[in-house]
Structures are given as structure tokens and as C-alpha cells.
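Data block below; observations after.
Each chain gets a letter, A, B and so on, in the order its sequence line appears, and its residues count up from 1. These values consider heavy atoms only, across backbone and side chains, with no hydrogens, waters or symmetry-generated copies.
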Protein chains: 2
Amino acid sequence: MDDLGQADRAEPEETRIRAARIQDVARLADVSTATVSRALATPDRVSPEARARVLEAIAKTGYVPNPAARSLRSQKTFMVLVVLPDLSNTFFSKILRGIEETLFEAGYGMIISDLDGSPEKEAHFAAFTAAGRVDGAILLNGHLFGQSREGEGQPARISIPLVALCEAIPGADVPQIEIDNRAAASRMTQHLASLGHRRIAYVSGPANNILERERFLGFKDGLEAAGLPFDPALVIPGDYTIEAGVRAGQDLVGRSTRPTAVFCTSDEMAIGLMRTLFSAGLRVPEDISVAGFDDIEFAAVAEPALTTIHQPRRELGQAAASALIDLLQGRPSPKRIRLETEIVIRDSVTSPWRKS
Amino acid sequence: MDDLGQADRAEPEETRIRAARIQDVARLADVSTATVSRALATPDRVSPEARARVLEAIAKTGYVPNPAARSLRSQKTFMVLVVLPDLSNTFFSKILRGIEETLFEAGYGMIISDLDGSPEKEAHFAAFTAAGRVDGAILLNGHLFGQSREGEGQPARISIPLVALCEAIPGADVPQIEIDNRAAASRMTQHLASLGHRRIAYVSGPANNILERERFLGFKDGLEAAGLPFDPALVIPGDYTIEAGVRAGQDLVGRSTRPTAVFCTSDEMAIGLMRTLFSAGLRVPEDISVAGFDDIEFAAVAEPALTTIHQPRRELGQAAASALIDLLQGRPSPKRIRLETEIVIRDSVTSPWRKS
DNA sequence: AAGTTGCATGTAATCGATTACATAGGGTGA
DNA sequence: TCACCCTATGTAATCGATTACATGCAACTT
């Protein structure tokens with residue numbers, strides 16, 4: 001159960017064991033390196049006997065092909081870059097898991113870049129892909145990256161297969177995996193309206209965010225469908241974080257006339273908001289209904305349990321990874337996949353009339 | 001702002017641009033490839049004029065060194081493997097961010113392996129390190145991995161620098177970055193006891209988990225320090241997940257004599273547990289106090305706000321990454337780093353006498 | 001002035017696999 | 001029996017950088 005990591009304590013520095021190379025396997029199996037390579041890559045182009053000898057030699061030596069050499073020659077790294085804006089966000093980490101799973105099954109490794117709002121990092125990872133360090137990339141950040149120095153000679157713009165996940169990339173011709181944010185937001189808004197809410201507040205995501213734009217449109221769609229007017233005063237700026245929800249709550253608490261329902265575009269914000277309302281002595285949902293977006297794990301155990309929109313996060317990750325793998329292996333890939341969302345009715349939303 | 005990923009739409013297949021190689025740069029700068037390489041790796045071993053010409057040529061061509069070639073020759077990948085048991089867990093993702101940050105600054109990339117309890121994956125990633133795909137690894141999973149087939153000839157046991165994060169690896173001689181789980185658990189237990197709690201339940205982590213063992217010992221230490229007896233009936237099995245907390249809550253609700261306080265070894269469990277108690281009509285903390293462990297983001301906005309033990313997660317990640325980088329660059333690395341934890345007093349714990 | 005030192009640079013070996021091309025031998029058809 | 005083809009295998013070029021070693025030249029020492 002333990003093997004690796006014994007460091008070089010026991011043996012003298014010189015005796016440090018070197019990894020077996022294809023040469024060593026070839027010699028041991030009494031074949032050429034070409035045969036070893038073929039025995040692994042295209043087994044049916046090698047005689048059964050030779051193959052058996054090779055496999056035995058591989059087992060004996062513990063040979064593992066050197067990926068650097070392999071990749072140098074074959075121009076394939078079997079690595080995929082995943083670019084995301086915030087690694088510490090629950091929402092993304094569940095998606096990541098779906099991605100990792102699928103990539104792993106297909107024999108690909110995953111390199112993660114947490115962009116962290118830093119353009120410097122963005123440039124770095126652009127170079128990263130350009131250097132051929134990965135075969136493809138999944139972007140969760142809503143835009144392509146790259147150092148566009150058009151002035152200079154001819155910047156190396158290598159293109160590798162890309163997939164956009166969650167946040168569509170406007171104008172880019174890459175497969176998009178997403179949910180229908182607009183429709184989902186509209187549906188939730190109509191749900192609130194159907195319960196009798198007429199003053200519905202909206203806590204937004206970051207202003208220039210594509211998700212946010214879609215959801216905001218959906219919110220307006222929903223109001224319109226329900227015959228309600230849009231009131232800009234009921235739009236509260238946010239950025240998907242718990243803190244933003246807390247701030248939005250403070251804003252609401254301070255108002256003389258309050259909405260009867262609040263639609264938060266992330267569960268984090270909804271939970272932060274409920275917390276603040278609660279501290280101020282307001283009851284959810286009796287005094288004010290709160291709806292979220294995403295259906296993170298904590299939504300179900302929030303107090304009260306959060307009514308929200310379920311996003312199939314793991315499946316999103318899997319779908320994105322599959323699409324990328326299709327691309328990488330030269331298969332046709334779907335241009336756009338829209339996974340279904342679902343309203344999850346819990347306890348944080350009720351009719352405005354039913355005062356407890 | 002967009003550059004990469006234009007795919008090969010415009011130009012015909014054949015014209016696909018190939019990345020600039022060191023040769024191209026050398027020709028353009030009218031120097032040898034060796035000089036180009038040196039201009040990048042050891043700038044002061046190259047004349048200022050040559051260096052300038054090289055840099056200009058690099059800018060013109062957009063040259064980025066091919067990592068496969070580089071790594072093949074120099075046996076360095078500038079990649080670090082991070083092995084963790086569950087990527088989708090909030091606790092880990094914050095740590096990951098700390099790791100990524102620090103690695104990035106030092107020029108290292110991060111490859112993630114979500115073990116997901118699968119031994120198959122474990123073996124795969126053992127081979128991964130053996131193949132020299134990464135320069136070092138950070139292990140969050142509490143044990144070394146590796147295919148120890150002692151029987152066979154001489155299995156390739158390559159050793160790369162390792163660092164154990166959070167979960168110490170028993171018997172392994174690698175730097176450990178951790179918090180003092182035992183002391184922290186003891187402190188929390190004593191805190192509860194000092195408020196007057198005499199029947200304190202303990203919701204555990206997974207049975208064979210090292211963290212769990214430490215915390216459990218700490219729990220017993222705390223009881224002993226407070227002069228309280230240890231009652232096995234008050235130990236409820238868990239596994240750090242929200243669901244485990246829910247189950248533990250159901251267990252408690254069903255009991256005739258209940259503890260006055262519950263110490264959960266993760267915030268997730270504490271939140272799930274409070275949820276269940278609440279549904280059953282019990283009040284926290286009036287009827288029962290609940291304490292957590294970790295201080296995840298949601299602890300502060302739970303209802304009631306959770307009293308817990310703060311772990312400096314980002315700093316843990318940073319410290320681990322720094323230690324590994326020290327190792328990788330041949331500097332001495334601290335054998336063990338223990339970061340301080342802190343009890344965060346919020347609203348979920350109170351004295352058992354103060355019935356609301 | 002001859003010898004020594006040291007810097008800037010070039011030449012070419014090297015890392016470890018993949019794979020185009022060459023070749024030997026066995027089988028088949030005429 | 002000969003020509004041909006197909007299969008299994010080997011030989012060696014190749015991927016793109018790093019770096020040991022060699023070289024040429026200038027400056028400095030005595």
C-alpha cells in the first residue's frame with residue numbers, strides 16, 4: 001500500500017533507479033523498440049508470441065512510456081486545460097468533477113487554471129495552449145483568451161479544439177454546453193408571479209457576465225409573460241457570492257416598501273440574503289419569498305430549504321468533456337448542447353397572501 | 001481580447017500555422033539555437049546585443065518553447081500533481097486555490113487527480129508519477145499510492161518529491177502540512193464542557209481516516225480534561241458529508257435521552273444535522289448546541305450561524321505548495337508545518353441551562 | 001611577447017518514444 | 001516453380017529543446 005515516495009534514503013545517490021525505457025523492454029523481450037511500441041499501440045500488428053514477450057518484459061521492468069518523448073514525437077499530450085474563473089466556488093467544483101471523470105475514462109489528464117480575474121494569468125495560459133502543452137481546452141470563463149498583438153509580425157496563433165461550458169462565448173465557433181439560462185430565469189419569475197407576487201426583486205450577477213445577461217433577459221421575459229411591469233429599482237447588483245447576498249439583504253431591509261419576493265441568480269446569494277433578512281427579524285417565506293439559482297448542495301439544507309433552479313452540474317461537466325474528446329479524436333461534435341434545468345420547489349417561496 | 005481558438009476556418013487545411021521552433025528564432029536572430037536557449041535560461045551568459053536580437057525574434061515569431069521537448073531533455077515538467085479524495089468538496093476546493101496560486105507564481109502547473117475512492121484511479125496516477133509526468137505531488141488523501149508488486153523483478157519505483165497536506169501519511173518521510181486536529185478538537189470539546197454541557201455527542205468522520213482518528217483522540221482528550229466520562233453511545237458515525245449530518249440528526253431525534261451538545265467533525269455535517277433537528281421541531285442552540293469543524297463559507301450564514309473551528313485553508317494550500325517547491329528546487333524544506341486553528345464562536349452553541 | 005584566463009558562441013550529442021521505410025520469410029495463385 | 005503479396009519485424013529518421021564540449025577571440029599577467 002505504500003511504495004512511491006521512499007525518496008533516496010536507503011541507496012547512495014548514484015544508485016538512484018532510473019525509469020525503464022523502451023530500449024530496456026526491447027532488449028529483455030529480444031525484439032526491437034519498434035515492436036515494443038507497436039505491441040502497445042497496435043497489438044494486432046504484432047505476433048502473439050512477441051506481444052506476450054513484450055508484455056512480460058513490461059511487467060518485469062515496470063515500464064511506463066515517457067510522456068514527454070511520446071508527446072514530442074506524436075504531437076499529442078493527452079492533457080486538457082480547464083479554465084475557470086474561481087476554483088473555490090462550489091458550483092464549479094462539482095462541474096470539474098464531471099469533467100475529470102469523463103476525461104479520465106478517455107485517458108486524458110486535466111490541468112486546471114484558476115483565472116482569478118487576473119489578465120496576467122490569462123496571457124500565461126494562452127501561451128500555455130500555444131506551446132502545445134495540452135490537446136484541447138474547456139473554457140468556463142465566458143471568453144477566449146490570447147495575447148492579440150496584431151501589430152507585431154505574425155503572432156503564433158495556434159488553435160486547439162475548445163469547448164465553452166456554461167458561459168457561451170459570443171462570436172466564437174466552438175461547441176457550447178450550457179443550460180437555457182434565459183428560459184430558466186423566466187420560468188422561475190413566472191412561478192413567483194403565479195403565486196401572486198407582484199413586486200419581485202432581482203439580485204443580479206456581475207454586470208458584464210454573459211450568464212447574467214441571459215438570466216436578466218429571462219427575468220424580464222417572465223415579468224412580461226406574467227403581465228408585470230419591470231421596475232429598475234427592484235434590480236439589486238450582485239456577483240454570485242454569499243457576501244453579495246448579504247449586501248443585497250441589507251439593501252432590502254433598509255427599504256420602506258419591500259418586494260414580496262426576491263429572485264437571486266445564485267444560491268450563494270440567496271443563502272446570504274436569507275441570513276440577513278433573518279437577522280433583521282424578517283421571516284422567509286412568510287414576510288418575503290426567496291428563490292435561488294443552481295441548486296447547490298446547501299440549498300436543500302438551508303433554513304428554510306431553498307426553492308431554486310436545478311442545474312445538472314456533473315452532467316454539464318461530462319457533456320463538455322465528451323464534446324471535447326469527440327473533437328480531439330476527429331469525430332464530429334455537437335455544436336450546442338442544452339441540458340435541461342428544473343425548478344426545485346422547497347420552502348423559501350410561498351404565496352404573498354399566506355401570512356403565516 | 002479574443003485570439004486563440006479561431007480554429008482553422010479562414011485558411012485552407014494545409015496552411016495551418018505551425019508553432020515557431022527554436023530553429024526559426026535562431027535563424028531570424030542570426031544566432032545558434034544554443035544561444036536562443038541560453039538567452040532564455042541564463043540571460044547573463046549571452047551578450048546584450050545577441051539577447052536583444054533573440055528577444056526581438058521571439059516576439060516576432062511568438063515563439064514558446066515546446067514543453068515536451070524541454071522536458072524530455074531536462075527531465076523536468078514544471079507540473080505538480082495534486083491528489084485529493086473529493087474535488088467537489090468545498091473544503092478542498094479552497095485549499096486547491098491556495099495551491100494553484102503558489103504553484104503558478106513559481107511557474108508550475110497543476111494537474112488534479114480526483115481519487116473518488118477508486119483504487120483503479122490510484123494505480124493510474126501512481127504510474128503517472130512514475131512516468132515522470134510531474135516533478136512532484138501534493139497528497140491530500142492520507143496515504144501514498146503505488147503498485148507494490150514486490151514479487152516481480154524490479155518494479156519501477158521512481159520517487160518524486162511529495163508533500164502531505166492535511167492528512168498526515170503515517171510512516172512516510174515527507175513534509176507534512178497540517179493543523180493540529182487533535183488539539184483543535186480537544187479545545188472545542190472543552191469549550192462545550194466549559195459552558196456546562198455534560199452529554200456531548202460526537203459525529204465522526206470516516207472510520208479509517210487519519211483526520212478522524214486525530215479528532216477523535218482530541219475529543220476524548222477534551223472530555224478527560226473536563227472531567228467528563230466518555231460514552232460510546234454518544235459517538236455517531238459520519239463521513240463529513242451533508243447527508244451524514246442529516247442521518248446523524250435523525251439518529252439523535254429518535255433518541256429518548258439526547259445530548260445537550262453535538263460536536264460535528266465537519267461543517268457540512270453540522271449544517272445537515274441542524275437542518276434535521278430543526279425539521280423535527282428542536283431548536284438550536286436552545287434545545288441542543290451544535291458545533292462544526294472547518295469554518296467553510298456557509299458556516300457564517302447558516303441558521304443559526306455555526307460555531308466552528310477555523311482552518312486556514314488557503315494558507316494550508318500555499319504552505320504545501322511552497323514546501324513542495326522548496327523540495328523541487330533543492331532547497332531544504334520544513335519537515336512539518338502546523339498552522340494555527342481558531343475557535344469561531346457564533347450562535348449555534350450556548351449553555352445548556354439558558355433555555356430560551 | 002607568450003601564456004593564461006574567461007567570455008560569447010557554435011556544433012552536435014542527447015533525451016525516449018513513434019513511425020516511415022526497408023526487408024525477410026511464408027503463403028497463394030497461375 | 002516463379003512471381004507476387006502480405007505479415008512481422010527491424011533500422012533509423014524524427015520530434016524540439018538542452019547542454020557538454022569545442023573554438024575563437026580579447027584581455028590580462030608576468
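Side-chain atoms of B:Thr77 and B:Asp135 include a donor-acceptor pair closer than 3.5 Å.
Of the residues in residues 23-34 of chain B, those placing a heavy atom less than 4.0 Å from an atom of DNA chain D are B:Ala34, in numerical order.
In terms of polar N and O atoms assigned as donor or acceptor, the side chain of B:Arg73 comes within less than 3.5 Å of the base of C:dT14 in a complementary pairing.
Legend: residues meeting side-chain contact (heavy atoms from CB on, under 4.5 Å) with A:Ala57, ordered by chain and number and at least two apart, are A:Val25, A:Leu28, A:Ala29. For B:Glu315, the side-chain contact (heavy atoms from CB on, under 4.5 Å) test picks out B:Pro312, B:Gln318, B:Leu339, with sequence neighbours left out.
Contact between the side-chain N/O atoms of B:Ser47 and the OP1/OP2 oxygens of C:dT9 is found at a separation under 4.0 Å. At least one side-chain nitrogen or oxygen of A:Tyr63 sits closer than 4.0 Å to the OP1 or OP2 atom of C:dA17. Checking the phosphate oxygens (OP1, OP2) of C:dG16, a side-chain nitrogen or oxygen of B:Gln75 falls inside 4.0 Å.
Between the C1' atom of D:dT14 and the CZ atom of A:Arg70 lies a distance of 17 Å, rounded to the nearest Å. One interatomic measurement links the two molecules: CG of A:Asp44 to P of D:dA8, which rounds to 9 Å at whole-angstrom precision. Rounded to whole Å, the distance from CZ on A:Phe78 to P on C:dA17 is 16 Å. Note: CZ (A:Arg45) to P (D:dC6) measures 12 Å, nearest angstrom. Atom CG of A:Asn66 and atom P of C:dG16 are 7 Å apart (whole Å). In this structure, B:Ile22 places its CD1 atom 12 Å from P of C:dG10, rounding to the nearest Å. To the nearest angstrom, P of D:dC15 lies 14 Å from CG of B:Leu72.
Of all nucleotides listed (D:dA17, C:dT9, D:dT18), C:dT9 comes nearest to the side chain of B:Thr35. Candidate nucleotides C:dT9, C:dC15, C:dT18 were compared by shortest atom distance to the side chain of B:Val46, and C:dT9 ranks first. Considering only side-chain atoms of A:Ala50, the nucleotide from D:dT9, D:dT19, C:dT18 that sits closest is D:dT9.
Side-chain atoms of A:Asp24 come within 3.5 Å of backbone N or O of A:Arg21 as a donor-acceptor pair. Put simply, the side chain of A:Ser47 gets close to the backbone of A:Ala50: a donor and an acceptor are under 3.5 Å apart. B:Arg51 contributes a side-chain N or O that, together with a main-chain N or O of B:Pro43, makes up a donor-acceptor pair within less than 3.5 Å.
Residues B:Arg70 and B:Lys76 form no side-chain contact, since every pair of their non-hydrogen atoms from C-beta on lies 4.5 Å or further apart. Side-chain contact between B:Leu140 and B:Pro85 is present, with heavy atoms from C-beta onward closer than 4.5 Å.
Taking CE of A:Met110 as the start and CG of A:Leu103 as the end, the distance is 7.0 Å to the nearest 0.5 Å. Between the CG atom in A:Leu84 and the CD1 atom in A:Ile138 there is a gap of 11.0 Å [rounded to 0.5 Å].
The terminal axes of the helix from C:dA1-D:dT30 to C:dA30-D:dT1, fitted over 5 pairs per end, subtend an angle of 40° to the nearest 10°.
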Test side-chain contact (heavy atoms from CB on, under 4.5 Å) applied to B:Ile58 and B:Val54, step by step: CA-CA 6 Å; B:Ile58 287 178; B:Val54 167; 3.8 Å; yes
Would you be so kind as to tabulate the donor-acceptor pairs closer than 3.5 Å made by side chains of residues 326-334 of chain B, with sequence neighbours excluded?
{"unit_1": "B:Asp326", "atom_1": "OD1", "unit_2": "B:Arg331", "atom_2": "NH1", "d": "3.0"}
{"unit_1": "B:Gln329", "atom_1": "OE1", "unit_2": "B:Arg331", "atom_2": "NH2", "d": "2.1"}

List, with names and distances, any nitrogen or oxygen atoms from the protein found under 3.5 Å away from nitrogen or oxygen atoms belonging to nucleotides 21-25 of chain C.
none

